[in-house]
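To start, the structure itself, in structure tokens.
Keep in mind that the numbers below use all heavy atoms, side chains included, and drop hydrogens, waters and symmetry copies. Residues: numbered from 1 along the sequence shown.
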Amino acid sequence: MGLGSTAKKLQTVADMAEKLYAKVNEIREQVEAMQESVETTEARVGALERETARQRAVIEALAERQGVDVDAVVADLDLADADDAGDDEPGGADADTPTDAA
């Protein structure tokens, strides 16, 4: 009787090991796919950064020819963005506006 019980336990352990091995392989494949995706994304971001730098250089050159102060324009945009972000908060500028209640 002891031998049958041991064989059953060994079979259970073997089944668990097979499931674990399959799961480890699945996770390994997912990690490899994610690594490829990250590498592709990294290359695309690098290309976009280079293109953005080129476009900025062209825009700055055109702005200089037209007598536009690029730094001042950027500063104005930053202030406008900060103001817009403040308006989105609850209790912002719209909350203090009186309403007509008859």
Side-chain angles (χ1 to χ4, degrees):
M1 261 201 253
L3 190 57
S5 175
T6 302
K8 186 176 181 182
K9 288 179 183 177
L10 283 174
Q11 185 61 45
T12 302
V13 169
D15 292 344
M16 288 174 55
E18 284 180 28
K19 289 178 184 176
L20 181 61
Y21 182 76
K23 190 67 175 174
V24 167
N25 279 336
E26 180 183 327
I27 292 171
R28 181 184 51 79
E29 290 171 0
Q30 290 175 354
V31 168
E32 288 174 355
M34 189 176 296
Q35 285 175 332
E36 290 175 15
S37 177
V38 167
E39 290 171 0
T40 301
T41 301
E42 183 180 19
R44 291 174 63 192
V45 167
L48 288 171
E49 286 175 341
R50 287 187 297 277
E51 181 63 23
T52 301
R54 287 186 200 114
Q55 290 176 1
R56 181 178 179 96
V58 169
I59 291 170
E60 286 179 352
L62 291 171
E64 185 178 325
R65 284 186 181 179
Q66 296 296 319
V68 175
D69 183 2
V70 175
D71 293 329
V73 172
V74 171
D76 288 346
L77 289 174
D78 289 342
L79 287 175
D81 286 346
D83 288 344
D84 288 346
D87 291 345
D88 292 341
E89 295 177 11
D94 294 337
D96 296 334
T97 305
T99 57
D100 292 332

For the atom pair [atom1] ([X]) and [atom2] ([Y]), what is the distance rounded to the nearest 0.5 Å?
| X | Y | atom1 | atom2 | value |
| --- | --- | --- | --- | --- |
| L10 | D15 | CG | CG | 11.0 Å |
| L79 | D84 | CG | CG | 11.0 Å |
| M16 | E18 | CE | CD | 12.0 Å |
| E36 | T41 | CD | OG1 | 11.5 Å |
| D78 | D83 | CG | CG | 11.0 Å |

Partner residues of [X] under the salt bridge (Lys or Arg N to Asp or Glu O under 4.0 Å) criterion, sequence neighbours left out:
| X | value |
| --- | --- |
| E26 | K23 |
| E60 | R56 |
| R44 | none |

Side chain of R28, backbone of V24: donor and acceptor closer than 3.5 Å?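 Side chain of R28 to backbone of V24, a donor-acceptor pair under 3.5 Å: no, none is there.
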
Is there a donor-acceptor contact under 3.5 Å from the side chain of T52 to the main chain of L48?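 Looks like yes, one N/O pair under 3.5 Å.
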
Is atom CD of E42 surrounded by more than 12 heavy atoms (other residues, nucleotides or ligands) closer than 6.0 Å?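 Not buried by this count: 12 neighbours or fewer within 6.0 Å.
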
Would you say that more than 12 heavy atoms from the other residues, nucleotides or ligands in this model lie under 6.0 Å from the CD of Q55, or not?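 Check passes, neighbour count above 12.
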
Test applied, side chain to side chain contact (heavy atoms under 4.5 Å, CB included); reference residue, V31; option that passes from M34, Q35, E29: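 Of M34, Q35, E29, side chain to side chain contact (heavy atoms under 4.5 Å, CB included) with V31 is met by Q35 alone.
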
Answer with yes or no whether the hydrophobic clustering places V58 together with V68; edges join I, L, V, M, F, W, Y residues whose side-chain heavy atoms lie under 4.5 Å apart.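 Looking at the clustering, V68 is in a separate group from V58.
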
